[in-house]
2 protein chains.
Amino acid sequence: MCQPDSVPTSDCTTPICVLGLGLIGGSVLRAAVAAGRRAWGYNRSPRVVDDAVGDGFDASTDLVAALRRAESERALVVVAVPMPAVDTVLSAIAEHAPNTTVTDVVSIKAEVAAAVAAHGLSGRFVGGHPMAGTAESGWSAGTADLFRDAVWVVAVDDGTNPDAWLQVADLALDCGAVVVPAESREHDAAVARISHLPHILAEALALSGAAGGDLALGLAAGSFRDGTRVAGTAPALVDAMCEGNGPALLTALDETLDVLNAAREQLAAGSTRELTRAGHEARRRYEQRQRHPIEGVVPGDDGWLTKMRDAGRRGEVWTR
Amino acid sequence: MCQPDSVPTSDCTTPICVLGLGLIGGSVLRAAVAAGRRAWGYNRSPRVVDDAVGDGFDASTDLVAALRRAESERALVVVAVPMPAVDTVLSAIAEHAPNTTVTDVVSIKAEVAAAVAAHGLSGRFVGGHPMAGTAESGWSAGTADLFRDAVWVVAVDDGTNPDAWLQVADLALDCGAVVVPAESREHDAAVARISHLPHILAEALALSGAAGGDLALGLAAGSFRDGTRVAGTAPALVDAMCEGNGPALLTALDETLDVLNAAREQLAAGSTRELTRAGHEARRRYEQRQRHPIEGVVPGDDGWLTKMRDAGRRGEVWTR
């Protein structure tokens, strides 16, 4: 819940206008209402809107009306449509809600920031990415606590307006998440490693198992099951993630090909020692990671963006 | 439990002599006793033997005595020592238990079969590999139900003695497992794909995440957690598995490098469609695999080894 004694400059009564009511947008709408915010949503599908209204939420298929209301109530506009629809929605925001603060929940950040710049909205935009999801999608899969204890990246790109940043961070905190500040390009490089590359490797591992036929698949136990789990994700969703983050994923994949080629040569020479020591140490580092709170940084103070980026790189989080 | 009305030619009163009382050997000893078998174990460590005796089992540090008893009681000898100790144990078997049937539970089969041949024991040896384990190791980690519903590969190499095969299969069934028949080399090729390659890819993925620093590790969620889980295994254990199955793992790794290099080129051209469709289909095939029972094959009948291999390749299992 929004707490008046939390961040001094936060504006916890800011209403929320959510554009797109799929899994993430629908969960943001629910969580914002649960946190006591005034909130309404738009979706282009009447069926989705009917479901949301049927569940007691304020939703409509009228994008212009939703945005005009956002403009008049000084709402925070949350872009929660898939990447291919972002451009259309940004055009409507530029036209119908020219003074609102805008954020998004798309899983890649540099491409969205570029689209925002192309629409001249950069001055009042702060990118976001809640790192949460389920195997399901759509309004019905959403919940008010989807973001509970999740990480929500809030971008700290050059020129970020500190008041807008705090509005977006407050929404994330109201949704139960912790906030990690990161530049859009650093975010994209990081998620290529820990979110998109895992899908590529899982697909490749699944193919190797199936190439061994029913004998190999019949012998498969925990290591194969866990290593291929995300190959069960709908291919179109994986394509959207991976293709949308192509350059960063290519960098991560090339690094991994180098690692695997070196391991291949060492295995041919009879040893996997170097890979297994390094990989085990890396996994331990992951297991031992901690979320220390960011301290001593005040959005708007001199050098706050640099300090936020450094804190994010240390794995620190912005909390109440 | 051993059931007299099960497989007609099985010999369910055969005692069991387990050499090596780690996780797998210790669990075989417990499971055999739980199934009503006479069973005793050997371990070179007095501490392990004390623990086993303290838990009510018949165990000793005297390898020669354990084997002489196996010879006089016509026991099935189970080699459950790590690969580097297999040679020493086979020498002792050849000397002190020259008429017993012998099996093993080592996770690679061709190398063990070659060592068995070098000791002139092939005529009474049937290789085995129970596909079970935990993150823990040692006597104390074992349980009588470790193999419950697990797959236990029992080798069907050229020249396999059908009575010996049934003795080993009966032990596996008494331990609660289902039996998959496979040639040693086919087994090794299959486990390279579904057990050893997953470790190599998990190590590489862990390294990619750690290379992204605390920011990337802090953003990591389910796909990274599951994809790197087995990188948490002790490196020496992973080395022993992977290095022991070097040629087969090299084949699987080279295939996977081809898949990843092709995916890299397609990603550079803007698409991951081909990989994600194929990988998703492979994972579905894994999820939908079924364990149909082997029917119409009688060990010892004409062509039984070929029929067993074909059944194993279809993912079929030998049950009671």
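Order of the sequence lines sets the chain letters (A, B, ...), proteins ahead of strands, with each chain counted from 1.
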Determine the option with the most heavy-atom pairs under 4.5 angstrom with chain B, choosing from [options].
options                                    : answer
Val180(A), Val191(A), Leu201(A), Thr256(A) : Leu201(A)
Glu186(A), His199(A), Arg273(A), Glu255(A) : Arg273(A)
Gly209(A), Gly227(A), Ala220(A)            : Ala220(A)
Pro198(A), Gly212(A), Ala190(A)            : Pro198(A)
Val178(A), Thr272(A), Val151(A)            : Thr272(A)
Gln290(A), Arg289(A), Arg229(A), Met131(A) : Arg229(A)

Heavy-atom pairs under 4.5 Å with chain A are the metric here; pick the option from [options] that has the most.
options                                    : answer
Ala150(B), Ala236(B), Ala234(B), Ala211(B) : Ala211(B)
Leu260(B), Leu249(B), Thr233(B)            : Leu260(B)
Ala252(B), Ala221(B), Gly232(B)            : Gly232(B)
Val230(B), Leu197(B), Asp254(B)            : Asp254(B)
Val259(B), Val238(B), Leu257(B)            : Leu257(B)
Gly218(B), Gly222(B), Ala216(B)            : Ala216(B)

Side chain, backbone, both or neither of Leu253(A) within contact of chain B (heavy atoms, under 4.5 Å): side chain
Heavy-atom proximity to chain B below 4.5 Å, by part of Arg291(A): neither
Contacting moiety of [X], where chain A heavy atoms sit under 4.5 Å:
X         : value
Ala311(B) : neither
Ala202(B) : neither
Ala182(B) : side chain

Got [X] and [Y] here, is their nearest side-chain heavy-atom distance under 4.5 Å?
X         : Y         : value
His129(A) : Lys109(A) : yes
Ser195(A) : Leu219(B) : no
Phe224(A) : Leu217(A) : yes
Val86(B)  : Asp104(B) : no
Arg314(B) : Asp310(B) : yes
Trp304(B) : Thr160(B) : yes
Val179(A) : Ile294(A) : no
Asp239(A) : Arg277(B) : yes

Glu281(B) vs Arg285(B), salt bridge (Lys or Arg N to Asp or Glu O under 4.0 Å): CA-CA, chis, key distance, verdict: CA-CA 6 Å; Glu281(B) 177 56 31; Arg285(B) 188 171 160 195; over 6 Å; no
Phe147(A) and Trp152(A) aromatic ring geometry - parallel, tilted or perpendicular at 30°/60° bounds: tilted
Under 3.5 Å: donor-acceptor pair, side chain of Asp157(B), backbone of Ser184(B): yes
